[in-house]
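We're numbering straight along the sequence, starting at 1.
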Amino acid sequence: MNAIITGATKGIGRALVMHLAANKYNLALCARNADDVEKLIAELNQIHPALNFYGMATDLENRSDVESFANFALDSLGTVDLLINNAGLFMPSGLMDEAPDALERQMQVNVHTPHYLCKFFAREMMNQKKGHIVNICSTASLNLLTGSASYSISKAALLSLTRLLREELMPFGIRVTAVLPGATLTDSWAGTTLPADRFVLPEDIAKAIFNAISMNEGVNVDEILIRPLKS
């Protein structure tokens, strides 16, 4: 099986990479930092020498970088069974206090990039008559956060995109799943004094996604809502 993962070197992305590789997936992945990508590819090659891993440093705020990565991933893997749009940009702020480019930047990474990659790889999946697309949304997609205004707007848009894709791609045998995590212990929470049990762990999200993609091809898990037990 062949999978593509964005934002792959940290947090949820890294957990997904490790879980999929352990289950014999060849991977094409990207992240912003070239050193992080190279180190992850080297680590994967050492642990799983029988599999194929391809990485590319990619700035997902840059449309030409996004297009280059899409072509790189397809050329490297040949066919694509799974696309996971994991990368996201989080700029917490109230609507009236946010930076002038806050909405633009978060829409580019959180919506425009998944929109492009979904359509690019969905065309390949349509020819195959199979495939699975997973978009990492947020509980903020459902319950807008005033302290993360434009982030909430972008994640609500990503959920709408995911729901539309599901309906359009269903006749072609392509499954589409939205994942809506609550507070997850990633770099976005660096420096927090809250205990780990107040967060969702990236590994638990990876396990939930793997369960969804492992189901019978006639079954679609529409949405996965994952929240910390303690608020």
Side-chain angles (χ1 to χ4, degrees), residues 3-8 11-13 16 28-32 58-71 73-74 80-91 95 101-128 130-145 148-182 184 186 188 205 208-209 212-213 219-227:
I4 297 167
I5 304 175
T6 65
I12 297 171
L16 284 164
L29 54 89
C30 74
R32 185 187 296 267
T58 308
D59 180 0
L60 297 181
E61 290 191 59
N62 185 310
R63 175 61 179 264
S64 63
D65 265 27
V66 175
E67 294 175 0
S68 295
F69 173 68
N71 286 294
L74 185 59
V80 178
D81 301 292
L82 173 65
L83 166 66
I84 303 180
N85 283 303
N86 165 70
L89 180 60
F90 176 59
M91 300 172 64
L95 189 64
D101 62 350
L103 178 61
E104 179 182 355
R105 291 183 62 195
Q106 289 174 104
M107 287 294 291
Q108 176 58 46
V109 176
N110 299 344
V111 183
H112 296 166
T113 289
H115 179 270
Y116 177 84
L117 293 177
C118 284
K119 293 176 69 175
F120 183 94
F121 290 108
R123 292 188 179 97
E124 300 298 322
M125 293 176 179
M126 289 166 73
N127 292 331
Q128 301 166 186
K130 65 175 183 176
H132 202 143
I133 295 172
V134 177
N135 289 333
I136 308 297
C137 300
S138 169
T139 53
S141 303
L142 300 173
N143 302 306
L144 304 182
L145 304 174
S148 302
S150 287
Y151 175 79
S152 295
I153 292 168
S154 68
K155 287 297 187 176
L158 180 59
L159 179 58
S160 293
L161 168 64
T162 308
R163 289 171 171 172
L164 284 167
L165 278 169
R166 184 183 306 120
E167 297 305 315
E168 284 207 20
L169 298 180
M170 192 184 304
F172 298 94
I174 300 168
R175 299 184 288 175
V176 182
T177 300
V179 181
L180 299 91
T184 305
T186 65
S188 295
I205 296 174
I209 291 173
I213 66 176
V219 175
N220 190 81
V221 178
D222 291 359
E223 296 173 10
I224 304 173
L225 177 62
I226 307 176
R227 296 184 298 176

K.L.:
Side-chain contact test, heavy atoms from C-beta onward, threshold under 4.5 Å: evaluate it for Met125 versus Ile174 and give yes or no.
P.N.:
yes
K.L.:
To the nearest 0.5 Å, how far apart are CD in Gln108 and CG in Asp101?
P.N.:
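Rounded to the nearest 0.5 Å, the CD-CG separation comes to 12.0 Å.
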K.L.:
Salt bridge or not between Glu67 and Arg63? Use side-chain N to carboxylate O under 4.0 Å.
P.N.:
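Salt bridge: yes.
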K.L.:
Please answer whether the main-chain N or O of Gly7 pairs with a side-chain N or O of Asn86 as donor and acceptor at a distance below 3.5 Å.
P.N.:
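Flag set: sc Asn86 to bb Gly7 pair under 3.5 Å.
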K.L.:
Please identify which of these residues, Ile4, Asn135, Asn85, meets the side-chain contact (heavy atoms from CB on, under 4.5 Å) condition with Leu117.
P.N.:
Asn85
K.L.:
I'd like to check Thr6 versus Phe69 (side-chain heavy atoms, cut-off strictly below 4.5 Å). Are they in contact?
P.N.:
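Yes, close enough: below the 4.5 Å cut-off.
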K.L.:
To the nearest 0.5 Å, what is the distance between CG on Leu169 and CG on Leu164?
P.N.:
10.0 Å
K.L.:
To the closest 0.5 Å, what do you measure between OG (Ser148) and CG (Leu95)?
P.N.:
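Interatomic distance, Ser148 OG to Leu95 CG, rounded to 0.5 Å: 11.5 Å.
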K.L.:
Under the criterion side-chain contact (heavy atoms from CB on, under 4.5 Å), I'd like the reasoning laid out for His132 against Ile213: C-alpha separation, chi angles, the key distance, then a yes or no.
P.N.:
CA-CA 7 Å; His132 202 143; Ile213 66 176; 3.7 Å; yes
K.L.:
Identify the heavy atoms of Ala157 and Val111 that sit nearest to each other, and give their distance.
P.N.:
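Nearest pair, atom of Ala157 first, then Val111: CB-CG2, 3.8 Å.
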K.L.:
Do the non-hydrogen side-chain atoms of Ser138 and Phe90 ever get within less than 4.5 Å of each other?
P.N.:
no
K.L.:
CD1/Ile133 to NZ/Lys119 distance, rounded to the nearest 0.5 angstrom?
P.N.:
12.0 Å
K.L.:
Under the 3.5 angstrom rule, does the side chain of Ser152 hit a backbone N or O of Leu145 as a donor-acceptor pair?
P.N.:
yes
K.L.:
At their closest point, which heavy atom of Ala28 faces which heavy atom of Ala73, and how far apart are they?
P.N.:
CB-CB, 3.8 Å
K.L.:
Could you pull out the closest heavy-atom pair between Ile205 and Pro181, with the gap in Å?
P.N.:
CD1-CB, 3.7 Å
K.L.:
Please report the shortest heavy-atom distance between Cys137 and Leu158, naming the atom on each side.
P.N.:
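Where Cys137 meets Leu158 most closely, the heavy atoms are SG-CG, 3.8 Å.
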K.L.:
Would the distance check show the side chain of Arg166 and the main-chain N or O of Val176 forming a donor-acceptor pair, the cut-off being under 3.5 Å?
P.N.:
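Between the backbone of Val176 and the side chain of Arg166 there is a qualifying donor-acceptor contact (under 3.5 Å).
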K.L.:
Got a sec: does the CD of Gln128 have more than 12 other heavy atoms crowding it under 6.0 Å?
P.N.:
yes
K.L.:
Any side-chain heavy-atom pair from Leu225 and Arg227 closer than 4.5 angstrom?
P.N.:
yes
K.L.:
Verify, without hydrogens or angle tests, whether Asn110 (side chain) and Leu89 (backbone) share a donor-acceptor contact under 3.5 angstrom.
P.N.:
yes
K.L.:
Which heavy atom of Arg163 sits nearest to which heavy atom of Leu142, and what is that distance?
P.N.:
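Heavy atoms of Arg163 and Leu142 come nearest at NH2-CD2, 4.1 Å.
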K.L.:
NZ of Lys155 to CG of Leu144: how many Å apart, nearest 0.5 Å?
P.N.:
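Here the interatomic distance stands at 13.5 Å.
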K.L.:
Donor-acceptor pair, Thr113 side chain versus Leu60 backbone, under 3.5 Å?
P.N.:
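A pair under 3.5 Å: yes.
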K.L.:
Can you see which heavy atom on Ser141 is nearest to which on Leu180, and at what distance?
P.N.:
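Smallest heavy-atom distance, with atoms named: CB-CD2, 4.0 Å.
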K.L.:
Using atom types as modelled and distance alone, determine if a side-chain donor or acceptor of Gln106 lies under 3.5 Å from a backbone N or O of Ala102.
P.N.:
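Yes, Gln106 side chain to Ala102 backbone: donor-acceptor pair under 3.5 Å.
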K.L.:
As an exercise, state the distance from CG of Leu16 to CD1 of Ile209, rounded to the nearest 0.5 Å.
P.N.:
4.5 Å
K.L.:
For Arg175 and Val221, indicate whether the former's side chain and the latter's backbone hold a donor-acceptor pair under 3.5 Å.
P.N.:
no
